[in-house]
Amino acid sequence: GTYPEPRGCPDPACGSRHVRLRQAVRKPVRDTQVTEVVARRYRCVRCGQTFRVYPVGVSHDQTSARLKGVAVLFYVLGMSYGAVAIALGALGCPLSKVAVYNAVQAAGARVAGLRREAVGRGGGRVVGLGTDLTSVRCGGEWLTVGVSVDAITGLALTVDLLPNGEAATLTAWVEELAAAIGAEILVSDDADGLKIAADANGLDHQVCKTHVQRNTDAWVAAIAPALAADADGSLAAIGVAPEQAVADCQDLLRLMTERQPSPEASATLEGIHRRYLGTPKPPKDGTMSLAYRLRLFSLDRWNLWGRLTRYRNWQGPDGETLDGTNNACERAIGWWVKERSRTMRGYKREQSVLNVSRLIAAMGNALAGPGFALAEVVA
């Protein structure tokens with residue numbers, strides 16, 4: 001095998017660079033091809049301390065990096081720790097379930113973060129930052145996991161555990177991410193916390209058009225029959241005909257579908273909202289009237305308009321464009337976080353959530369090109 005050259009005495013108190021080969025000793029090893037290797041034993045000329053140098057891919061551990069890599073690969077492909085141990089035993093390379101677990105956790109721990117890899121491959125900057133939250137079960141509790149991606153290429157940037165999904169937490173998280181990658185625009189779902197985070201950090205913001213379209217469809221379908229009948233009389237109270245209210249809902253739905261950032265569209269949204277400004281607020285702990293619900297919903301969609309249509313005109317410094325969705329982040333959550341956790345009864349340690357998710361995400365990034373080598377992580 002190939003042996004690394006010793007750089008000197010391993011004792012930092014000594015610091016000598018002069019060592020001498022003392023003897024060669026045999027070392028049993030679990031591997032896919034060999035059963036033993038030869039370790040070189042050196043002695044420091046100054047202090048007399050002895051130490052061993054192993055061939056590349058072997059350490060003081062009884063299992064080689066190659067066999068650990070096979071175990072990690074099997075696990076990432078979807079096998080459980082126990083199934084990996086059984087498969088390796090059938091292949092003549094026995095490895096215990098605990099040893100498989102330790103190999104996976106150690107490999108994941110070396111993927112401390114993905115930003116440097118993704119930024120380096122992209123030329124040093126990621127202008128479009130996609131973010132989303134999900135949750136996984138760990139020790140009987142649900143943990144909040146923040147996932148970020150390059151909104152342009154879809155590469156995973158980070159998988160982080162967050163204390164909660166509140167606006168202050170998201171603002172600090174987005175600030176750290178945006179500063180690390182030089183982001184100019186944030187892409188997210190319709191969560192208010194991420195809107196606050198984008199504004200607080202001076203980022204342009206694109207809200208996922210798919211989320212908005214789906215939510216608008218559901219809202220209009222649910223309220224339209226009641227509006228058509230003016231079920232609570234709230235429309236008559238402000239002098240708006242039921243037909244007008246239904247037409248306003250259809251206009252909202254049409255605008256959210258077309259998403260054309262024209263002055264006419266913005267004026268239409270404003271007009272719809274102002275038609276219901278006379279609706280009184282419901283009493284404390286009371287039920288909102290139909291007209292008041294339409295007033296709030298039209299205001300929300302009017303305020304959302306700029307974030308919803310940003311992708312129509314936005315371009316990055318090198319001509320980058322967006323498709324208006326947060327699909328890249330949704331895919332990263334589904335493929336790199338949820339797909340593995342669904343097959344488990346929950347994680348036992350918080351660090352395992354990060355180790356496994358980051359490892360799978362890093363290997364997923366490698367599908368798009370160079371930048372990750374399992375052998376280097378396991379070694």
Side-chain angles (χ1 to χ4, degrees), residues 72-73 75-78 104-105 107-136 138 143-162 165 170 173-189 191 194 197-198 203 206 208 210-211 316 320 322-323 325-344 347 350-374 376-378:
V72 172
L73 182 60
Y75 179 82
V76 169
L77 290 176
V104 171
Q105 295 299 319
R110 294 188 181 97
V111 188
L114 306 173
R115 295 171 212 151
R116 181 177 302 175
E117 170 202 341
V119 171
R121 190 186 304 169
R125 191 179 181 192
V126 177
V127 294
L129 171 63
T131 58
D132 204 353
L133 302 180
T134 188
S135 57
V136 296
C138 178
L143 302 181
T144 300
V145 179
V147 176
S148 67
V149 302
D150 181 339
I152 311 297
T153 66
L155 290 179
L157 298 180
T158 62
V159 178
D160 298 310
L161 285 181
L162 303 178
L170 297 180
W173 181 52
V174 170
E175 179 182 17
E176 194 260 340
L177 289 173
I181 64 177
E184 292 184 0
I185 187 169
L186 177 69
V187 181
S188 74
D189 60 14
L194 289 169
L203 298 173
Q206 171 63 46
C208 179
T210 303
H211 283 83
E320 300 95 337
L322 299 170
D323 65 1
T325 73
N326 199 26
N327 290 347
C329 217
E330 297 281 352
R331 285 193 295 267
I333 288 175
W335 293 347
W336 315 142
V337 179
K338 299 300 259 185
E339 189 64 28
R340 179 79 256 188
S341 64
R342 285 192 192 100
T343 62
M344 306 168 64
Y347 291 93
E350 292 187 4
Q351 191 59 44
S352 294
V353 177
L354 294 179
N355 290 345
V356 172
S357 299
R358 286 174 173 174
L359 176 62
I360 296 175
M363 297 184 71
N365 281 354
L367 297 175
F372 176 85
L374 178 60
E376 295 177 3
V377 172
V378 174

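Hydrogens, waters and symmetry mates are skipped; everything else that's a heavy atom, side chains included, is used. Throughout, residue positions are numbered sequentially from 1 according to the sequence presented.
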Using the test side chain to side chain donor-acceptor pair (under 3.5 Å), find all partners of [X] that sit at least two apart in sequence or belong to another chain.
{"X": "Gln105", "value": "Tyr81, Arg349, Ser352, Asn355"}
{"X": "Thr131", "value": "none"}
{"X": "Thr325", "value": "Asp323, Asn327"}
{"X": "Thr153", "value": "Asp150"}

Do [X] and [Y] have side-chain heavy atoms sitting under 4.5 Å apart?
{"X": "Leu203", "Y": "Ile185", "result": "no"}
{"X": "Leu161", "Y": "Val353", "result": "yes"}
{"X": "Val145", "Y": "Leu133", "result": "no"}
{"X": "Trp336", "Y": "Met363", "result": "no"}
{"X": "Leu129", "Y": "Val187", "result": "no"}

side-chain contact (heavy atoms from CB on, under 4.5 Å) between Asp132 and Asn326, intermediate numbers included: CA-CA 8 Å; Asp132 204 353; Asn326 199 26; 3.9 Å; yes
Mind checking the [atom1]-[atom2] spacing from [X] to [Y]? Nearest 0.5 Å is all I need.
{"X": "Ser148", "Y": "Leu155", "atom1": "OG", "atom2": "CG", "answer": "11.0 Å"}
{"X": "Leu186", "Y": "Leu194", "atom1": "CG", "atom2": "CG", "answer": "6.0 Å"}
{"X": "Trp335", "Y": "Ile360", "atom1": "CH2", "atom2": "CD1", "answer": "13.5 Å"}
{"X": "Leu143", "Y": "Glu350", "atom1": "CG", "atom2": "CD", "answer": "5.0 Å"}

Point to revise | Step-by-step side-chain contact (heavy atoms from CB on, under 4.5 Å) determination, Leu157 to Val126 | key: CA-CA 9 Å; Leu157 298 180; Val126 177; 4.2 Å; yes
**Prompt:** Does the pair Glu184 and Arg125 meet the rule for a side-chain contact (heavy atoms from CB on, under 4.5 Å), with working shown?
**Reply:** CA-CA 10 Å; Glu184 292 184 0; Arg125 191 179 181 192; 2.9 Å; yes
Least distance between heavy atoms, [X] atom then [Y] atom:
{"X": "Leu162", "Y": "Gly146", "result": "CD1-CA, 4.0 Å"}
{"X": "Leu322", "Y": "Ala151", "result": "CD2-CB, 4.0 Å"}
{"X": "Ala328", "Y": "Gly154", "result": "CB-CA, 3.9 Å"}

Look at atom CD of Gln351 and say whether more than 12 heavy atoms of other residues, nucleotides or ligands are closer to it than 6.0 Å. yes
query: Does the ring of Tyr347 carry Arg340 above it, NZ/CZ under 6.0 angstrom from centre and within 45° of its axis?
result: no
* Keeping the roles fixed (side chain from Arg358, backbone from Gly108), state whether a donor-acceptor pair exists under 3.5 Å. => no
Next on the checklist: Tell me if a side-chain donor or acceptor on Lys338 pairs with a main-chain N or O of Ser135 at a distance below 3.5 Å.
Outcome noted: yes
Taken in chain and number order and not counting sequence neighbours, the residues that satisfy salt bridge (Lys or Arg N to Asp or Glu O under 4.0 Å) with Glu339 are Arg342
Hits for salt bridge (Lys or Arg N to Asp or Glu O under 4.0 Å) against Glu330, two or more places apart or cross-chain, chain-then-number order -> none
side-chain contact (heavy atoms from CB on, under 4.5 Å) between Tyr75 and Val356, worked out
CA-CA 10 Å; Tyr75 179 82; Val356 172; 4.0 Å; yes
